[in-house]
Amino acid sequence: MEKREAKRRIVLVPIPAQGHVTPMLQLGKALYSKGFLITVVEGHFNQVSSSSQYFPGFQFVTIKESLPESDQGGIKFMIKLNKTSEASFKDCIAQLLLQQGNDIACIIYDEFMYFCGAAAKEFILPSVIFSTESATNYVSRCVLSKLNAGNFSVDMEDPGMHEKMVENLYPPLRYKDLPTSGLGPLEDLFELCREVANKRTASAVIINTVSCLENSSLSWSEQKIGIPMYAIGPLHNMTASPPSSLLEEDRSCIDWLNKQKPRSVIYVSMGTVVQMETKEVLEMAWGLCNSNQIFLWVIRPGSIPGFSGIESLPKEVSKMISEKGYIVKRAPQIEVLGHPAVGGFWTHCGWNSILESIAEGVPMICRSFHGEQKLNAMYIESVWGIGFQVEGSKVDRGEVVRAVKRLMVDDEGAEMQERALVLKEKLKVSVISGGTSYNAFNELVKYLKTM
Ligand SMILES: O=c1ccn([C@@H]2O[C@H](COP(=O)(O)OP(=O)(O)O[C@H]3O[C@H](CO)[C@@H](O)[C@H](O)[C@H]3O)[C@@H](O)[C@H]2O)c(=O)[nH]1
C-alpha cells in the first residue's frame, strides 16, 4: 500500500500591513495547495484572521506586541516592533510545538519581522525569509546596510555623487536611485537595513518577483546573501487570490466599468498606506476632470487628513468628480486592472500594484511617495518603458492633465501599453508549467518537504 505523506506545518509571520499580508497569505494558499498545514502568526494590529473565511484550514494565532496603536507605521515602529515581539513569539512557538507534537517544518517570516530569527535559532527550527518587495530593492538594502548615515549625507551634498554607480547591475544602480527619502532619519533607516540584510539562520529567501523583470538584481542578491533565492512571483497569479483586507471591496465599480468603452478609463489608487495632502488631492481632482478622461478613483478613508468621504471635499469638487468619474473607498484592484475598459493606472508604485498592473498589461503613471516606490518608478520608466514618473514635491492640475493625456491619448502612451502587453505575456508564461516562477515554486516545495 502507498505510504501517505504526513502533512508538515509551516508557520507564516507577515508584517501587520496590507501590502505585506496579502502576498504572504497568497504564499500560504499556494503552499496549502501542495499539502502543507498553515499557521499564520498575527499581531493585534490589522488582524488578518478577520478574513479567515477565505482561508479554510489555516490556523491563526495572535502574539502581543505591547506597542501603542498610535505608534503604527514608519521605521521606528518596525524597529520597536521587532524589539518587543521577540519574547512573545518565542512563547508562541513553544506553545505551537507542544500542540503540534513538534511538527513545524519551517518558519517563513517577512523580511521586516526579523525577530523571528531568535526563536528559529532557540528551537532549532528551519527558517526562510519572505520578501514582498523587488529584488532591486533587496540590492539597495544590502548596499545601504553597509553605509554610514553621516558619511552618506555628506557625500550626497556633492551633485557628482548622484549619478555615481553603486553597483554594476544591468541596468546600473546609481546613488540617486537608493531609496533613502521620506522614511525619517537615515540612522534609523540604515539600522533597519542592517537588521533586514542579516539572514541569521535562514536557509533561503522567497521573493515575490519574476526573473524576467529583474534578472540581474536577482543574481546579484543571491550571490551576495549566499543562500538560494526563490523568485516565485507574481504570487497573485500563482494561486486564486482571495481578498484579505479589513475594508470591504466596492464591487459597484465593476458595473460602472462594464458601461465604459475599451481602454477609456484611468484607474487611480495609492495603495493602503500613503497619506496625501488635501491640496494635492484637490489638484488631482481638477486635473483628472480637466483631462476629459474618465477615471475610477480609490479614495481610502484616512488617506487624506480630515477626509471622511467624498462629501467632505469642497462641494463643487465632489460634484465635479462624481459627474466625471467614479469614486470608491476600496476597489477589487486585480479585477479592475484586468477589465477591458481600463487603459492606464495612476499609482504610488507599491510593488504589489506594479506586479498586478504588469500582469494585466496596463501602463502606469508613477507618483511615488516613500520607501522603495521611487526605485520601482524608475524601473517602470527607464527599464521596462511601461510608464513615466510625475515628480516634484507638489503636483498641479496642469501636470495631471498632461500626464493623463500622455498615457491615455498620445502615441507614446500606446507604445507604453504595447510594451506592457509584451511583459504581460512573459509573466503569464512564468507561472505556467516550465516557466521560471512555476519551476522556482516547485523547487521551493521540494526543499520545504526535505525539512
Ligand atoms: O482599492 C484597493 C487598493 C489596494 N488594493 C490592494 O492593496 C494592495 C496594495 O499593495 P501595494 O501596491 O504594494 O501598496 P502598499 O499597500 O502601499 O504597500 C506597501 O508594501 C509594498 C510591498 O511590500 C511596498 O512596495 C510599498 O511601498 C508599501 O507601501 C494591492 O495588492 C492592491 O491590489 C485593493 O485591492 N483595492
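Remember, it's 1-based here, ligands and their atoms both numbered in the order they're listed.
Interface atoms of ligand 1 facing S269, defined by a heavy-atom separation under 4.0 Å, are 3 (C). Near H348, the atoms of ligand 1 lying under 4.0 angstrom from a non-hydrogen atom of the residue are 12 (O), 14 (O), 15 (P), 17 (O). Heavy-atom contacts of E372 reach the following atoms of ligand 1: 24 (C), 25 (O), 26 (C), 27 (O) (cutoff under 4.0 Å). Under a 4.0 Å criterion applied to the non-hydrogen atoms of A331, ligand 1 contributes the atoms 1 (O), 2 (C), 34 (C), 35 (O), 36 (N). Near Q373, meaning under 4.0 Å from any of its heavy atoms, are these atoms of ligand 1: 26 (C), 27 (O), 29 (O). Distances below 4.0 Å separate heavy atoms of H20 from the following atoms of ligand 1: 20 (O), 23 (O). When each atom of ligand 1 is checked for a heavy atom of E356 under 4.0 Å away, the hits are 30 (C), 31 (O), 32 (C), 33 (O). The contact set between ligand 1 and T272, taken as ligand atoms under 4.0 Å from a residue heavy atom, comprises 7 (O), 15 (P), 16 (O), 17 (O).
Counting heavy atoms under 4.0 Å from ligand 1, residue V298 touches it through the side chain alone. Under 4.0 angstrom from ligand 1, there are no non-hydrogen atoms of M270. At a heavy-atom cutoff of 4.0 Å, ligand 1 is contacted by no atom of R300, backbone or side chain.
Between V274 and ligand 1 there is no heavy-atom distance shorter than 4.0 Å.
With respect to atom 19 (C) of ligand 1, the closest heavy atom belonging to the protein is G19 CA, 4.2 Å. Among all protein heavy atoms, the one lying closest to atom 12 (O) of ligand 1 is S353 OG, 2.5 Å. When only non-hydrogen protein atoms are considered, atom 23 (O) of ligand 1 lies nearest to T132 OG1, 2.7 Å. Q333 OE1, 3.6 Å is the protein heavy atom nearest to atom 4 (C) of ligand 1.
The pair R367-E280 counts as a salt bridge, with a side-chain nitrogen and a carboxylate oxygen less than 4.0 angstrom apart.
Side-chain N or O atoms of R141 include none that pairs as donor or acceptor with a backbone N or O of C193 at under 3.5 Å. Although no hydrogens or angles enter the test, the distance criterion places a donor-acceptor pair under 3.5 Å between the side chain of N442 and the main chain of Y438. Remark: the backbone N or O of Q260 is not paired with any side-chain donor or acceptor of S264 at under 3.5 angstrom. Checking side-chain atoms of K261 against main-chain N and O of A341 turns up no donor-acceptor pair under 3.5 Å.
Here's the thing with K329: none of its N/O atoms is less than 3.5 angstrom from an N/O atom of ligand 1. Checked by distance only, ligand 1 and N352 come closer than 3.5 Å through their nitrogen or oxygen atoms. In terms of polar-atom proximity, defined here as any N/O pair under 3.5 Å, H370 makes no such contact with ligand 1. The shortest N/O to N/O separation between N376 and ligand 1 does not fall below 3.5 Å.
Here F58 and Y32 bring their ring centres to under 6.0 angstrom of each other. For Y379 and W384, the distance between ring centers is under 6.0 angstrom.
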Worked verdict on V273 versus H370 for side chain to side chain contact (heavy atoms under 4.5 Å, CB included): CA-CA 10 Å; V273 186; H370 54 68; 4.3 Å; yes

Intermediate values then yes/no, side chain to side chain contact (heavy atoms under 4.5 Å, CB included), V11 and C106: CA-CA 6 Å; V11 175; C106 179; over 6 Å; no

Chi angles and distances behind the side chain to side chain contact (heavy atoms under 4.5 Å, CB included) call for Y138, E111: CA-CA 10 Å; Y138 202 92; E111 56 193 345; 3.8 Å; yes

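The two atoms that bring S221 and V139 nearest to each other are OG-CG2, 3.5 Å, heavy atoms only.
With 3.5 Å as the limit, one finds no donor-acceptor pair spanning the side chains of S357 and Y267.
Nearest-heavy-atom check against atom 6 (C) of ligand 1 across K374, R330, Q18 picks out R330.
Within the 4.5 Å cutoff, side-chain heavy atoms of I327 are placed close to those of F295.
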